Amino acid sequence: MSATHRLRHGAVRVGACVLLVGALVIPTSAAQAAAPTAATLAATAPARPQAMSVVSVVGGTWTSAGSTVTLSWPKVAGASRYEVFASREWDAIPTMTTPTKTVTAATATVSGLAAGKEYTFRVVPVNSAGRGVGSARIRQITLAQGERWYTSAPAATGQVTVVGASWTPSGSTMKLDWADVARANSYDVFVSTSFDGVFTMTTPTKQVSRSTAEITGLKPGVKYTIRVAARNNLGRGQSANRIPHTTRTQSDMKYPWYTSRPEATGLVTFVGASLEKSGATLTIDWGDVKRATGYNVFAATSFDAAGKMTTPTMTVRSSKATLTKLRKGQDYFVRVVPTNNVGPGVGSARVAHRTIAAETSPGKAKAYSVMTWNVCSNACSGIAKRKPIIDSRIRELAPGIVGLQEASKYTKAPAGYSFALNGQNDILVRNGTFAKVPVRAKVQTTGTKKFASRYASSGKGVAWAALRHSSGQYVVVFNTHLVVGTSKASTKQRQYEADQLATFVNQTMNQLGKSNPALRGASPVLLGDFNVSKGREGDATASVLLKRGWADAFDQARSLTGQHYNSANPKMSAKPVVSVTWGAHVDKVMVKPSRTIVTSWEQAGKMKNGRFVTPLGSDHHPILIKGIFR
């Protein structure tokens, strides 16, 4: 082999070099080492730290030099130090290159921070090879002066109360108050015009350090919803229930501001009614309610509906209201709820009244008064002592016509009056105002009738008299006393008598009209003790007369006095017997709606300081009406 010689064991000489073939390495004379690969370099280079786990805020203080926040985290494998980044901006942290602080331990206290402000923190592990994967960002509000560091969240916030409100030209204000909350450093107050939106708000309307707040610059007369949550270094606690508040307007400033709801509404009374082109009206009145600045009035045509209503028919400021545009001849049930800036109080009981069904035109007719009174001369003892009381009250009220029931022992007319008919049911007329119509064509102008006992023993029947007013007007008065009792038989008998009474009135009026042309246009009037009240269930006596064209003057009256004080007073008590819903009057004056104008209705028992004046004249009180009868 010329330049190249083969050696033993596969060694080959190449020039001046000896190479190893197979497993044998023969060093060359230059003794060069093999060059390192990329994999070899990577395996031998220092490693970066592992990724950070969760960072926690474990403490904080306030100092005059600035607030501090202490962070802690688990040690990170491979980390020789940690870079702590702090910023007021959430989005600024990932772009920061210069750390706020560098530490070697797994904890850091960042100082010199603004007090009571929210900061974002992030920690990055570092070693000689560089930065590892940093922690997630966390938020923390620094402590302000006087605040403490807590290890648990605040307790739930209790009831928030609007304790003050006002209006100014620059906007309405509200003052809020609530109890101090355990472990609270501050409070976030959220105010919104949206009931649900107040829960989705992230930025509070106001942050306060004490358990009170004043919110200004609100729109007047607008309903706001308020929510308050306590806050400390760990975040917000459970918020209080949402509360509504309607801001004050300029006109509201004349009314006081209250910190508790109104008291309950007392008994509501119907005091007036009318017929207008737009419909019927009813006027109600009630006592002023303590702490009420307004009243919600609910009106419906049924008892149940009036109780279930949530939207008021009307809202008024004073303790009186007139309901308008009502249906004629319709029962209405009314409830009144007092309100103030805190909320509604307890509403009244439901009361009822019927609107005026119809009225006549007044023309040239003269108004006069009619009275009915059960004087109980038989069943009640002491009529001799009671008669002067009865006579005195008649003279005081001075009615033109008086119908007395249970009057068989009442045989002498009071001064200034005469009997048109004397008996079980008396008819008295005021001298100079009314006189009996003389008999003509042998047709009597006064009389009596007793109804048959069809279902039970009958009542006291009816007495009647045709009368002439001093103005020349005529009226025919029917004074009745229907059977008493609540049994099924008595009720059927009373309904029968009511129907017979209506028939008898028609027959009598026809006979009188045939005998005397002046009586053809006379107005009939029913009065007496009907022994049934409007609220009595299962007794259709009043309905019988209503179907025959009659109406209770109580329902037709333009003004009412003593609606709830019963005319019946069985125990002869000075304390009025009160019927809430209707006014349970068994003593009535009945009229033809289209032929009358009832200007007033009054339960005319003599009263002083809310009690009847004693001694009483009877176990009934008189009912007095005034009006025009055509």
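Everything numeric here is computed off the predicted structure, so don't read it as measured data. For this chain, numbers begin at 1 and follow the sequence in order.
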Relative to [Y], does [X] satisfy both conditions: NZ or CZ under 6.0 angstrom from the six-membered ring centre, and within 45 degrees of the ring's axis?
| X | Y | answer |
| --- | --- | --- |
| R335 | F298 | yes |
| R242 | F195 | yes |
| R350 | F333 | no |

Roughly how far apart are [X] [atom1] and [Y] [atom2], rounded to 0.5 Å?
| X | Y | atom1 | atom2 | answer |
| --- | --- | --- | --- | --- |
| I597 | T360 | CD1 | OG1 | 6.0 Å |
| R393 | M371 | CZ | CE | 8.5 Å |
| D285 | L267 | CG | CG | 10.5 Å |
| Y496 | Y455 | OH | OH | 8.0 Å |
| S490 | L482 | OG | CG | 12.0 Å |
| T259 | N341 | OG1 | CG | 8.5 Å |

- Begin from the C-alpha positions of R317 and D252 and carry the test salt bridge (charged side-chain N to carboxylate O under 4.0 Å, His left out) through to its verdict. CA-CA 11 Å; R317 289 290 190 181; D252 290 331; 2.8 Å; yes

[X]-[Y] side chain donor-acceptor pair, cut-off 3.5 Å:
| X | Y | answer |
| --- | --- | --- |
| N479 | Q405 | yes |
| Y410 | D391 | yes |
| Q493 | E497 | yes |
| N378 | S408 | yes |
| R611 | S573 | no |
| N296 | T315 | yes |
| N425 | H481 | no |
| N374 | E406 | yes |
| T596 | R630 | no |
| D539 | T541 | yes |
| D288 | S319 | yes |
| T301 | Q330 | no |
| T283 | T322 | yes |
| S278 | E276 | no |
| S600 | S559 | no |

Check whether any side-chain heavy atom of [X] sits under 4.5 Å from a side-chain heavy atom of [Y], and report yes or no.
| X | Y | result |
| --- | --- | --- |
| S457 | V483 | no |
| F419 | V429 | no |
| I394 | V402 | yes |
| W373 | S618 | yes |
| H353 | L560 | yes |
| W464 | V477 | no |
| R327 | T355 | no |
| Y295 | T339 | no |

Looking at every heavy atom in both [X] and [Y], which two are closest together, and how far apart are they?
| X | Y | result |
| --- | --- | --- |
| A358 | L275 | CA-CD1, 3.8 Å |
| P256 | T293 | O-CG2, 3.8 Å |
| C376 | D619 | CB-OD1, 3.4 Å |
| V289 | A264 | CG1-O, 3.9 Å |
| K436 | T446 | CD-CG2, 3.9 Å |
| L527 | G403 | CD1-CA, 3.6 Å |

- What do you reckon, are the aromatic ring centroids of Y565 and H621 less than 6.0 Å apart?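 No, the ring of Y565 stays outside the 6.0 Å limit from the ring of H621, centre to centre.
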
- Evaluate the criterion ring pair (Phe, Tyr, Trp, His ring centres under 6.0 Å) for residue pair W257 and H245; output intermediate values, then yes/no. CA-CA 12 Å; W257 181 264; H245 168 70; 5.6 Å; yes

- Mind telling me whether Y368 and H469 have parallel, tilted or perpendicular rings, with 30° and 60° as the class edges? parallel

- Query: Of H585, R354, Q603, M590, which meets side-chain contact (heavy atoms from CB on, under 4.5 Å) against F554?
  - Reply: H585

- Task: Starting from the C-alpha separation in whole Å, work towards a yes-or-no answer on salt bridge (charged side-chain N to carboxylate O under 4.0 Å, His left out) for D529 and K588.
- Result: CA-CA 6 Å; D529 182 352; K588 304 179 187 296; over 6 Å; no

- Between R558 and E359, does at least one N-O distance fall below 4.0 Å, as a salt bridge requires? yes

- Item | Exceeds 12 heavy-atom contacts within 6.0 angstrom, atom NZ of K534 | yes

- Atom NZ of K592 with >12 non-hydrogen neighbours under 6.0 angstrom: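 Yes.
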
- Which is it for T372 and D587 under the side chain to side chain donor-acceptor pair (under 3.5 Å) test, yes or no, and what are the steps along the way? CA-CA 7 Å; T372 182; D587 302 290; 5.3 Å; no

- Task: Given side chain to side chain donor-acceptor pair (under 3.5 Å), test T433 with S470 step by step and report yes or no.
- Result: CA-CA 5 Å; T433 303; S470 57; 5.5 Å; no

